[in-house]
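Note on naming: letters A, B, ... go to the chains in the order of the sequence lines (proteins, then strands), and numbering restarts at 1 for each one. What you are looking at is a predicted structure, and each value in this text was computed from that prediction instead of being measured.
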Amino acid sequence: MATTFPLCADASSLNPDRDKYRFYACLLRARFDENKNEKDMVKATLMLKAGEEEFWTNQHPQPYIFPDSPGGTSYERYECYKVPDWVLDYWHPSEKTMYPDYFSKREQWKKLRMQSWDREVAQLEAETLPGGPRTEALPPARKEGDLPPLWWQDVTRPRERPT
Amino acid sequence: MAARVLQQCVRSFARPSLRLCTRNVAVRATATPAVFIHRPLSFAAESPRTRLFGQSRISVGVFCRQYGDLPPLTLETIKERVMYVLKLYDKINPEKLQTSSHFMKDLGLDSLDQVEIIMAMEDEFGFEIPDAEAEKLMTPEEIVQYIADKKDVYE
């Protein structure tokens with residue numbers, strides 16, 4: 001299944017028009033569907049390997065990369081405008097009065113974060129593998145009434161387009 | 001909410017002597033379609049605040065390079081586009097399609113079909129959805145929520 005992604009992406013680079021791409025995607029899909037009831041795992045892995053090699057030899061020289069993906073045109077373009085949230089603590093009080101409802105609760109949120117920080121760190125230390133974490137994905141909260149680890153970074157993250 | 005406040009903070013660092021205007025936030029939050037060259041006095045929007053230095057109208061500048069962009073997304077438009085793309089898919093019956101219909105259980109689709117649907121969503125909205133999160137999106141409702149989460153629509 002993971003091989004359909006690059007194959008279809010390849011077909012979409014070769015055929016930018018939607019209807020032609022759809023035609024070739026359906027042909028690809030038909031080829032997959034012929035062999036989908038294969039029960040013999042050895043043969044299935046051999047077919048998968050052959051498919052991957054065929055993709056490698058026939059891939060597009062300049063595949064279409066989405067603008068926000070690595071290698072795309074607007075990748076990390078707005079990174080410099082994404083300000084961290086601790087900057088808000090340095091605002092002048094006259095500026096803070098412009099958002100009274102947010103700043104009235106901000107101290108409570110920060111207190112909540114101080115309280116839950118030790119538990120988050122303990123959960124992460126308990127769940128990390130000895131060699132270090134393998135992925136960037138964080139585990140969810142395991143106990144009742146606990147917050148997910150490193151929730152503050154996610155809640156106060158800057159917008160995708162800060163301007 | 002925090003990000004909109006932070007945006008004000010960026011502007012306050014850029015021009016510490018000027019007073020900021022609150023009503024500009026809604027204007028700046030939407031992507032401006034015009035393209036501005038980065039000049040020291042580039043004005044992104046007009047400020048209704050008067051009375052600064054005794055002049056009738058002062059614009060607050062944003063020190064930021066602005067590029068052309070798509071119109072801003074709302075939850076309703078995301079939902080309409082997702083349902084439109086799903087109705088165009090030939091293996092789905094458009095009458096039976098609803099926002100809460102599960103691809104595998106209600107509509108009887110395959111995992112390969114789900115991959116194709118996610119790819120169509122990627123092409124529609126113009127950004128990549130990683131595999132790990134793509135295989136969990138099983139209903140149109142989840143797809144809408146995921147896109148709204150990624151694009152910060154109504155936060």
If you look at every heavy atom in Asp33(A) and Lys91(B), which pair is closest and at what distance?
-> OD2-NZ, 4.3 Å
Path from Met138(B) to Ile117(B) over hydrophobic side-chain contacts below 4.5 Å = no
Could you tell me the separation between the CZ atom of Arg161(A) and the CG atom of Leu70(B), rounded to the nearest 0.5 Å?
-> 8.0 Å
Salt-bridge contact Asp113(B)-Arg29(A) (side-chain N to carboxylate O under 4.0 Å) | yes
Side chain, backbone, both or neither: which part of Tyr75(A) has a non-hydrogen atom closer than 4.5 Å to chain B?
-> neither
Heavy-atom contact with chain A under 4.5 Å, split by part of Phe125(B) = neither
If you group Ile, Leu, Val, Met, Phe, Trp and Tyr by side-chain heavy-atom gaps below 4.5 Å, do Leu86(B) and Leu75(B) land in one group?
-> yes
Tell me, yes or no, whether the heavy-atom count around Arg31(A) atom CZ, taken from other residues, nucleotides or ligands under 6.0 Å, exceeds 12.
-> no
When hydrophobic residues are tied together by side-chain contacts of less than 4.5 Å, even through go-betweens, does Ile78(B) share a cluster with Tyr84(B)?
-> no
Please check if Ile143(B) and Leu97(B) belong to a single hydrophobic cluster, counting links between Ile, Leu, Val, Met, Phe, Trp and Tyr side chain heavy atoms closer than 4.5 Å.
-> yes
Check whether more than 12 heavy atoms from other residues, nucleotides or ligands sit under 6.0 Å from atom NZ of Lys82(A), and answer yes or no.
-> yes
Report whether Val144(B) and Leu107(B) are members of the same hydrophobic cluster (ILVMFWY, side-chain heavy atoms less than 4.5 Å apart, transitive linking).
-> yes
Run the salt-bridge test on Asp149(B) and Arg157(A) with the 4.0 Å N-O cut-off and return the result as yes or no.
-> yes
Charged N to carboxylate O under 4.0 angstrom, Glu124(B) versus Arg18(A)?
-> no
Side chain from CB out, backbone as N, CA, C, O: work out which of these in Glu122(B) comes under 4.5 Å of a heavy atom of chain A, or both, or neither.
-> both
Tell me, side chain or backbone of Ala120(B) under 4.5 Å from chain A's heavy atoms, or both, or neither?
-> both
Spacing of NZ belonging to Lys151(B) relative to CG belonging to Asp68(A), to within rounding of 0.5 Å | 5.0 Å
Say you draw a straight line from CZ of Phe32(A) to CG of Asp110(B); how long is it, rounded to the nearest 0.5 Å?
-> 11.5 Å
Rounded to the nearest 0.5 Å, how far apart are CG of Asp123(B) and OH of Tyr21(A)?
-> 6.0 Å
Proximal component of Tyr64(A), with respect to chain B [non-hydrogen, under 4.5 Å] = neither
Where on Arg106(A) is there a heavy atom nearer than 4.5 Å to chain B: the side chain, the backbone, both, or neither?
-> neither
Is Arg22(A) close to Tyr89(B) at the side-chain level, that is, under 4.5 Å between some pair of heavy atoms?
-> yes
Nearest non-hydrogen partners of Gly126(B) and Pro67(A), listed with the distance | O-CD, 3.9 Å
Answer yes or no: does atom NZ of Lys43(A) have more than 12 heavy-atom neighbours from other residues, nucleotides or ligands under 6.0 Å?
-> no
